[in-house]
Amino acid sequence: MAAGQGLLLIAALLQVVSVQSYMSRYSCNSTESILQSQGLTEDTFFCAPYVNYTSACDLDDDPALGFNPSCNNSFAIQIYANFERALSVYSCKEYSRIWTCDNCTVAYKRWLCSALFRMCDPNLPCPSNFTRTNEKAIPDCVVKTCQDVCYDVVRKCPVHLEFRCPPVNDLREYDVKECNNLERPSTSAGNALVSSATILAALALAVTWLQDR
């Protein structure tokens, strides 16, 4: 299969943004406890440059994926590697005179870390039986990610990757005030959002499928 056709498959998969209802349990975990539980060090922790806060980790498997991607270092590495393979198909210089492939991968890594290692609000208790629905995607103890984290990927990566973000008025998982920007100022103008679980599942599936062709 041609690379262009494979990326069209990625684009089609990214159109799906529905969220199925299911029960999940969240727990706030320090970076130190995450490293210890997964046998990691600061050198092997993929999101070390960005995640230096207490993370709200979902303790249950995602039924759509069949495993638990939350606070999962190995999964983060796998998804990032797949993204780099997809990016290698294109010349970033032909796409933009300003942004390079390095700019794109940095922006994507920042977003990926925000999606897998969500910031926890220590002032709010995490529920032991939170129900994820289309109306409420995350519990109140999870700090929403700043919209600019997603928009930065759209702006700096080739448009052919079809990395899309939902409308700016969809504030189920993202916001512009009191949000997690991973130590970087948020800019709200023209921003957009993304359904993290859908993006992760779709990109991993599509790139793997393309490699097998």
Fill in the blank from the handout: Scanning both residues in full, the closest heavy-atom pair of V51 with C113 reads CG2-CB, 4.2 Å

Practice task
Heavy atoms only: give me the nearest S30-S33 pair and the separation to one decimal.
Solution key: O-OG, 2.7 Å

Problem - Sub-6.0 Å ring centroid separation between F83 and F163 - result: no

Exercise for the section: Ignoring hydrogens and angles, tell me if any N or O in the side chain of K136 forms a donor-acceptor pair with the backbone of T131 under 3.5 Å. Expected result: no

Handout entry: Closest contact, heavy atoms only, Q147 versus Y174
Key = CG-CB, 3.9 Å

Exercise for the section: Please check if Y95 and L161 belong to a single hydrophobic cluster, counting links between Ile, Leu, Val, Met, Phe, Trp and Tyr side chain heavy atoms closer than 4.5 Å. Expected result: no

Exercise for the section: Output the distance between atom CG (L65) and atom OG (S70), rounded to the nearest 0.5 Å. Expected result: 11.0 Å

Exercise for the section: Using modelled atom types only, decide if a donor and an acceptor are shared between the side chain of T44 and the backbone of L40 within a distance under 3.5 Å. Expected result: no

Problem - Closest approach of L87 to C92 (non-hydrogen atoms, all atoms of both residues) - result: CD1-SG, 3.9 Å

Problem - Side-chain donor or acceptor of K109 paired with backbone N/O of Y80 under 3.5 Å - result: no

Exercise for the section: Provide the closest heavy-atom pair for S74 versus N72 in the form atom of the first, atom of the second, distance. Expected result: N-OD1, 3.2 Å

Problem - N/O donor-acceptor pair under 3.5 Å between Q38 side chain and C71 backbone - result: yes

Completion exercise
Separation between SG (C120) and CG (N180), nearest 0.5 Å, reads 11.0 Å

Handout entry: Note, C28 side chain near C126 side chain (heavy atom, < 4.5 Å)
Key = yes

Exercise for the section: To the nearest 0.5 angstrom, please state how far the CG atom of D152 sits from the CG atom of N103. Expected result: 9.0 Å

Problem - hydrophobic_cluster_shared for F67 and I77, side chain cutoff 4.5 Å - result: yes

Problem - Inter-residue atom distance D60.CG - N129.CG, 0.5 Å rounding - result: 10.5 Å

Problem - Residue of the set C104, S91, S96 for which side-chain contact (heavy atoms from CB on, under 4.5 Å) holds with P158 - result: C104

Problem - Reported CD-to-CG distance for the pair E42 and N52, which is rounded to 0.5 angstrom - result: 10.0 Å

Practice task
Look at the side chain of N68 and the backbone N and O of D58, then say whether any donor-acceptor pair between them is shorter than 3.5 Å.
Solution key: yes

Practice task
Taking the side chain as every heavy atom from C-beta outward, state whether V143 and E178 have any pair of such atoms under 4.5 Å apart.
Solution key: no

Practice task
Measure the spacing between NZ of K156 and CG of D102 and express it to the nearest 0.5 Å.
Solution key: 11.5 Å

Handout entry: C57 backbone acceptor or donor facing S55 side chain under 3.5 Å
Key = no

Problem - Single-linkage hydrophobic cluster, 4.5 Å side-chain cutoff, I98 and Y108 together - result: no

Practice task
Please confirm whether the backbone N or O of A137 pairs with a side-chain atom of E173, one donor and one acceptor, at under 3.5 Å?
Solution key: no

Practice task
In sequence, state the C-alpha distance, the side-chain angles, and the governing distance for L112 and F46, and then conclude on side chain to side chain contact (heavy atoms under 4.5 Å, CB included).
Solution key: CA-CA 10 Å; L112 181 60; F46 177 76; 4.0 Å; yes

Practice task
Can you label the angle between the Y90 ring and the H160 ring as parallel, tilted or perpendicular, going by 30° and 60°?
Solution key: parallel

Fill in the blank from the handout: Scanning both residues in full, the closest heavy-atom pair of V154 with C165 reads CG2-SG, 3.4 Å

Handout entry: Side chain R110, main chain V153, donor-acceptor under 3.5 Å
Key = no

Practice task
Please answer whether the main-chain N or O of F45 pairs with a side-chain N or O of N73 as donor and acceptor at a distance below 3.5 Å.
Solution key: no

Exercise for the section: May I ask you to decide if F117's main-chain N or O and Y53's side chain share a donor-acceptor pair within less than 3.5 Å? Expected result: yes

